[in-house]
Amino acid sequence: MWARKRMAPASDDAREGGLSRRAFLTGVAALALAPSLAGAKEGEPSDAGALSDAARRALAQSPYVYVSPLRSDGEESACHGEVWFAWLDDTVVLTTSTTTWKARAVARGLDRARLWVGDYGRWKRPFGRNESFREGPRFEARARAFQDPALLERLLGVYREKYPDEIGRWAPRFRTGHADGTRILIAYEPI
């Protein structure tokens, strides 16, 4: 079950012990989320009450979610990329490069996102964009970015089951990226 500790957003000039805003927010998210992700038990009540039955079924079966960070005005960003994910403790968890819009949005304090669940093919195509993912189940979520080696291993365990043909090639890259700081975990908690 997710910890319900809420904190006021830090301003750009906020510092905690001399840390940058990004380092501070990453640390706060790790402290608030990691224990609950690492320690939740099967059968505990879900905090993901905002999800439709269709979204829950799709999250249990789908290989992809399509993620669009929301801008400060609540509008979707231009990014809607399809990504691998794990449904852990009633939360969508994924790993991404720190240079992606998903990661940069969270680092900038844009912690809301819209997610669609299903396999609708590649979003970007040679001649335009595939918007068919919009027909699938969707929900809004609060995003948190952090580093947690134990959660990364749980995520990779799910990836081994969901993506057996590809994970052998990607797992070393994911581990290396988390070790050198070029990748982060993002957890999307339905709201």
**Asked** Does a salt bridge link Glu189 with Arg144, judged by any charged N lying under 4.0 Å from a carboxylate O?
**Response** no

Where do [X] and [Y] come nearest, in terms of heavy atoms and distance?
X	Y	value
Ala113	Tyr188	CB-CE2, 3.6 Å
Gly168	Pro172	O-CD, 3.4 Å
Pro137	Ala54	CG-O, 3.7 Å

**Ring geometry between Trp84 and Tyr163 (parallel below 30°, tilted from 30 to 60°, perpendicular above 60°)** = parallel

**Item:** Identified side chain to side chain contact (heavy atoms under 4.5 Å, CB included) counterpart of Val93 within the set Thr95, Asp89, Thr91
**Value:** Thr91

Quick one: does [X]'s side chain get under 4.5 Å of [Y]'s, heavy atoms only?
X	Y	value
Glu153	Leu156	yes
Trp116	Ser68	yes
Val67	Leu94	yes
Pro190	Leu51	yes

Rounded to the nearest 0.5 Å, how far does [atom2] of [Y] lie from [atom1] of [X]?
X	Y	atom1	atom2	value
Phe146	Leu152	CZ	CG	10.5 Å
Thr96	Phe85	OG1	CZ	15.0 Å
Arg71	Asp73	CZ	CG	4.5 Å
Arg183	Arg175	CZ	CZ	12.5 Å
Leu88	Leu59	CG	CG	11.0 Å
Leu110	Arg104	CG	CZ	11.0 Å

**Message:** Using the rule that Ile, Leu, Val, Met, Phe, Trp and Tyr join whenever any side-chain heavy atoms are under 4.5 Å apart, tell me whether Ile186 and Leu70 fall into a single cluster.
**Reply:** no

**Item:** Same apolar cluster (I L V M F W Y, side chains within < 4.5 Å links), Val83/Trp87
**Value:** yes

**Prompt:** In terms of side-chain heavy atoms, does Thr182 have a donor or acceptor partner in Asp180 at a distance below 3.5 Å?
**Reply:** yes

**Request:** Determine yes or no for a side-chain-to-main-chain donor-acceptor pair under 3.5 angstrom, with Lys102 supplying the side chain and Ser97 the backbone.
**Result:** no

